[in-house]
Amino acid sequence: VSPSDSTRFRFRSAGWRDRPPVPEDEAGNAFIQSQRPEIRKLARSLVTQPADSLRAARELLRFVYSTLEKVPVANLSTALDILAQKKGDCSEHTTLYASLSRALRIPTRVRIGLVHLQGRFLYHAWPVVYSQGQWWDVDPTLNQFPADATHIPLLEGDPTQLSGLLPGLGRLSITLLDYETSHVAN
């Protein structure tokens with residue numbers, strides 16, 4: 001493949017939002033440690049009304065955003081490691097958030113894709129939570145609930161699936177045709 005070759009992507013805004021949660025959306029794994037007692041205890045302590053999953057999701061966002069220092073990290077970390085280090089980039093924010101929300105049995109998926117920040121598109125990860133019969137994009141790195149329209153998902157999975165973006169690294173180009181800004185209170 002030469003640098004002059006191009007691949008065009010077509011994004012659909014409908015479809016994935018209609019898929020109901022599956023058991024994996026509440027399950028833990030080696031990184032998203034939602035079943036660990038420490039994570040479960042912390043998650044319960046952070047929410048004032050656990051039965052209101054949308055409110056709980058917002059409270060978790062505030063905790064993750066305010067607790068983690070925003071710094072690049074070169075490796076994938078577990079939720080417990082992230083809590084101990086209290087720093088990370090979007091992968092760490094997303095892993096910790098997904099761990100806490102799944103510990104509360106809020107179905108949560110991880111999106112990996114692009115976000116438009118400061119005039120350019122950057123690779124990014126963020127969680128998506130299911131509440132009130134719909135999926136809500138959440139960004140605990142940027143303190144957005146719901147996350148804004150500049151989030152373009154390319155993959156859905158967990159942070160270990162970042163390698164799925166490797167074939168496109170350095171080859172993806174996006175032309176922003178138009179945009180308008182508005183101020184929305186979080």
Q) So H116 and R120, side-chain contact (heavy atoms from CB on, under 4.5 Å) or not? Walk me through it. A) CA-CA 5 Å; H116 191 259; R120 60 189 180 143; 5.6 Å; no
Q) Can you check salt bridge (charged side-chain N to carboxylate O under 4.0 Å, His left out) on R111 and E156, steps first, answer last? A) CA-CA 5 Å; R111 293 268 159 145; E156 190 172 271; 2.6 Å; yes
Q.
What verdict does the side-chain contact (heavy atoms from CB on, under 4.5 Å) test give for V129 and W135, after you've listed the backbone C-alpha separation in whole Å, the side-chain angles of each residue and the deciding distance to 0.1 Å?
A. CA-CA 5 Å; V129 297; W135 290 99; 5.6 Å; no
**Q.** Working for side-chain contact (heavy atoms from CB on, under 4.5 Å), residues L80 and I39
**A.** CA-CA 8 Å; L80 289 174; I39 297 292; 3.9 Å; yes
Q | Steps toward side-chain contact (heavy atoms from CB on, under 4.5 Å) verdict (V47, L104) | A | CA-CA 9 Å; V47 299; L104 295 174; 3.7 Å; yes
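Of the possible polar contacts, none joining the Y97 side chain to the D139 backbone as a donor-acceptor pair under 3.5 Å is found. Side-chain atoms of D89 come within 3.5 Å of backbone N or O of V73 as a donor-acceptor pair. With hydrogens and angles disregarded, a donor-acceptor distance shorter than 3.5 Å links the side chain of T94 to the backbone of A125. Looking at W136, its side chain never comes within 3.5 Å of a backbone N or O of L54 through a donor-acceptor pair. Of the possible donor and acceptor atoms, none in the side chain of S53 sits under 3.5 Å from a partner among the backbone N and O of S131. Between the side chain of K86 and the backbone N or O of L83 there is at least one donor-acceptor pair closer than 3.5 Å. Under the 3.5 Å distance criterion, the side-chain polar atoms of E69 are left unmatched by any main-chain donor or acceptor of G88.
Put simply, the side chain of T95 does not reach to within 4.5 Å of the side chain of V110, judged on heavy atoms.
Heavy atoms only, all atoms of each residue included: A27 and R102 are closest at O-NH1, 2.7 Å.
Applying the side-chain hydrogen bond (donor to acceptor under 3.5 Å, both in side chains) criterion to Q35, with sequence neighbours excluded, gives R40. Taking the salt bridge (Lys or Arg N to Asp or Glu O under 4.0 Å) definition, one finds that D25 meets it with R109, sequence neighbours left out. Not counting sequence neighbours, the partners of R55 by the salt bridge (Lys or Arg N to Asp or Glu O under 4.0 Å) test are E59. Not counting sequence neighbours, the partners of T150 by the side-chain hydrogen bond (donor to acceptor under 3.5 Å, both in side chains) test are D148. With sequence neighbours excluded, no residue satisfies side-chain hydrogen bond (donor to acceptor under 3.5 Å, both in side chains) with D52. Annotation: side-chain hydrogen bond (donor to acceptor under 3.5 Å, both in side chains) contacts of E24 (sequence neighbours excluded): none.
The residues E26 and R105 are annotated as salt-bridged, a charged nitrogen and a carboxylate oxygen being separated by less than 4.0 angstrom. With respect to K70 and E92, no salt bridge is recorded, no charged nitrogen being found less than 4.0 Å from a carboxylate O.
Considering L68, L61, I82 as possible partners of H93, the one that fulfils the side-chain contact (heavy atoms from CB on, under 4.5 Å) test is L68. Considering V138, L96, I106 as possible partners of S101, the one that fulfils the side-chain contact (heavy atoms from CB on, under 4.5 Å) test is I106.
Under a hydrophobic clustering in which Ile, Leu, Val, Met, Phe, Trp and Tyr are joined whenever their side-chain heavy atoms come within less than 4.5 Å, directly or via other members, V22 and Y130 fall into different clusters. I112 and I32 end up in the same hydrophobic cluster when Ile, Leu, Val, Met, Phe, Trp and Tyr side chains are linked at under 4.5 Å.
Aromatic ring pairs are classed by plane angle as parallel below 30°, tilted from 30° to 60° and perpendicular above 60°; the pair H151 and W126 is perpendicular.
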